[in-house]
Number of protein chains: 2
Amino acid sequence: MTEKRRKNSAAHEKRRQILNAAIRVFAQKGFHRCRISDIASEAKVAYGLVYHYFENKEEILNSIFDENWGLLTEVLASADERGDDLEVKLRALVDFILDAYRMVPDVIQVVVMEIARSSKFLKRPKVDAFEKAFQNLATILARAQATGHVRKDLEPKIMAYMVFGSIELILTGYLLGTIEPSIGETYEAHKQAITDVFLQGLRAPRAEPAGA
Amino acid sequence: MTEKRRKNSAAHEKRRQILNAAIRVFAQKGFHRCRISDIASEAKVAYGLVYHYFENKEEILNSIFDENWGLLTEVLASADERGDDLEVKLRALVDFILDAYRMVPDVIQVVVMEIARSSKFLKRPKVDAFEKAFQNLATILARAQATGHVRKDLEPKIMAYMVFGSIELILTGYLLGTIEPSIGETYEAHKQAITDVFLQGLRAPRAEPAGA
DNA sequence: GGCTTGCTTGACTCGCAAGTCAACGCCCGT
DNA sequence: ACGGGCGTTGACTTGCGAGTCAAGCAAGCC
């Protein structure tokens, strides 16, 4: 059994190797522009081995997505469970995503650029996975509405979409090089900007009727 | 000349026919999944004619983009020139985009899903075109900062990205069917939500230090 | 009315990349 | 030491779809 375990993990290592190579290649050339042979040579394995571990290119993309998106959903779910303030939760979400970009930009690029957009044509489950993460944030916001911290005149879902959309386009800006994220400080400033704007924008008006 | 004109416009009509067919096909099957022959048969013209009017598939996509994105940039530029209030300008932007989706969802789908995301790998000019529109909004915001209507602690560019990102992800939600936009009222509610959140979120704090 | 010009046609070529598969060798269990 | 299973290899087949092109056709011109 020990040896089977070892074999398994050795085999698994090859799988990882291919997956990591795929992430690099997808990020660099784009999903549609790259060939299986590119992935194989990047991973330094034979062409055929890719097909031993994966049905086809799309399944590779799916695996990348599943692994990483699941993480985000978990973070959101656990943030919600702790009884933190909305500010804390929102900051945790923003931090998590921007830090992830900082550490593994290739992964983020693939998830954002190659998967998020093409999901119209991909399988249902993927859309559901997106929904799940969004729903988590929507729940957090709904709860904050209940406690009177967030304005009640807007659907939580729409607010959640706005938050994610803001983050995503900023990431896209990084990826396209139209926003310069080189300095560490900049990331922090952007995190701050996102949380600030939404905390202020979503806050329930206090004693102030905001006269017309 | 009259006859040349007539010919020209007749020829142009074929071009349009192909372009419109391409929009429909791209929206339905996705850019990468469709063949030139799909476009030709959708347009009810011969295969070869597509190559008479366009270099290749990518040039078709480019034409679709150029035509439609230019429009957005113009709207933004003209909104800025009129000395309107920020609220009016922001509302005009949001209205324009959501109304466009309502009227020609296929076009919006192609621009949002097929072009926006893939621009990392496409030609520079496209990225510049995006930048231009974003820059227009950033300028509007910078001006509003100068007049004290908008908080000065954030980069205009980042704020512009947030606004566009919010709009874009809501459109994506429509396209994926995760947001239900069927009822006309819903569109209006969403327009309202976007403008409201940002007007409040970007507003400069008045006499209120927003304690703690 | 023929001739020319240029839009239009669709069958054909050709290259590329996906996916297959038969053989190989390492490693393990007996 | 031997046999077998499984991870691994990469040459080969196959099909698809982009792009070509030579021949048709319509309509203006002399």
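Convention: sequence-line order gives letters A, B, ...; per-chain numbering from 1.
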For this session: Please step through side-chain hydrogen bond (donor to acceptor under 3.5 Å, both in side chains) for the pair B/Y161 and A/H190, ending with a clear verdict.
Result: CA-CA 11 Å; B/Y161 270 70; A/H190 294 171; over 6 Å; no
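- No more than 12 heavy atoms of other residues, nucleotides or ligands sit less than 6.0 Å from atom NZ of B/K132.
- Of the residues in residues 42-52 of chain B, B/Y47, B/Y51 come within less than 4.0 Å of DNA chain D through at least one heavy atom, sorted by number.
- Under the 30°/60° scheme for interplanar angles, the aromatic rings of A/Y101 and A/Y187 are found to be tilted.
- Ring centroids of A/F130 and A/F65 are separated by less than 6.0 Å, placing the two rings close together.
- Side-chain contact between B/F26 and B/K57: present, with at least one pair of heavy atoms (C-beta onward) separated by less than 4.5 Å.
- The closest donor-acceptor contact from the side chain of B/N56 to the backbone of B/E59 lies under 3.5 Å.
- Atom OH in A/Y53 sits roughly 20 Å away from atom C1' in C/dA18 (whole-Å rounding).
- Here the C1' atom of nucleotide C/dA18 and the CG atom of A/D38 are 13 Å apart, to the nearest Å.
- Taking 4.5 Å as the limit, every side-chain heavy atom of B/T172 sits out of range of all side-chain heavy atoms of B/I179.
- Rounded to an integer number of Å, the gap from CD of B/E59 to P of D/dG19 is 11 Å.
- Not one side-chain nitrogen or oxygen of B/K14 sits closer than 4.0 Å to the OP1 or OP2 atom of C/dC7.
- Taking atom CZ on B/R15 and atom P on C/dC7, their separation rounds to 13 Å, with Å as the unit.
- Listed by residue number, there are no residues of residues 22-33 of chain A with a heavy-atom contact under 4.0 Å to DNA chain D.
- Applying the side chain to side chain donor-acceptor pair (under 3.5 Å) rule to pairs touching residues 41-50 of chain B yields B/R24-B/E42, sequence neighbours excluded.
- In this structure, the CD1 atom of B/I39 is 12 Å from the C1' atom of D/dA18, given to the nearest Å.
- The nearest whole Å value for the distance from the CD1 atom in A/I36 to the P atom in C/dC16 is 17 Å.
- If you take CD1 of A/I60 and C1' of C/dG19, they are 13 Å apart, rounded to a whole angstrom.
- Checking side-chain atoms of B/Q145 against main-chain N and O of B/P156 turns up no donor-acceptor pair under 3.5 Å.
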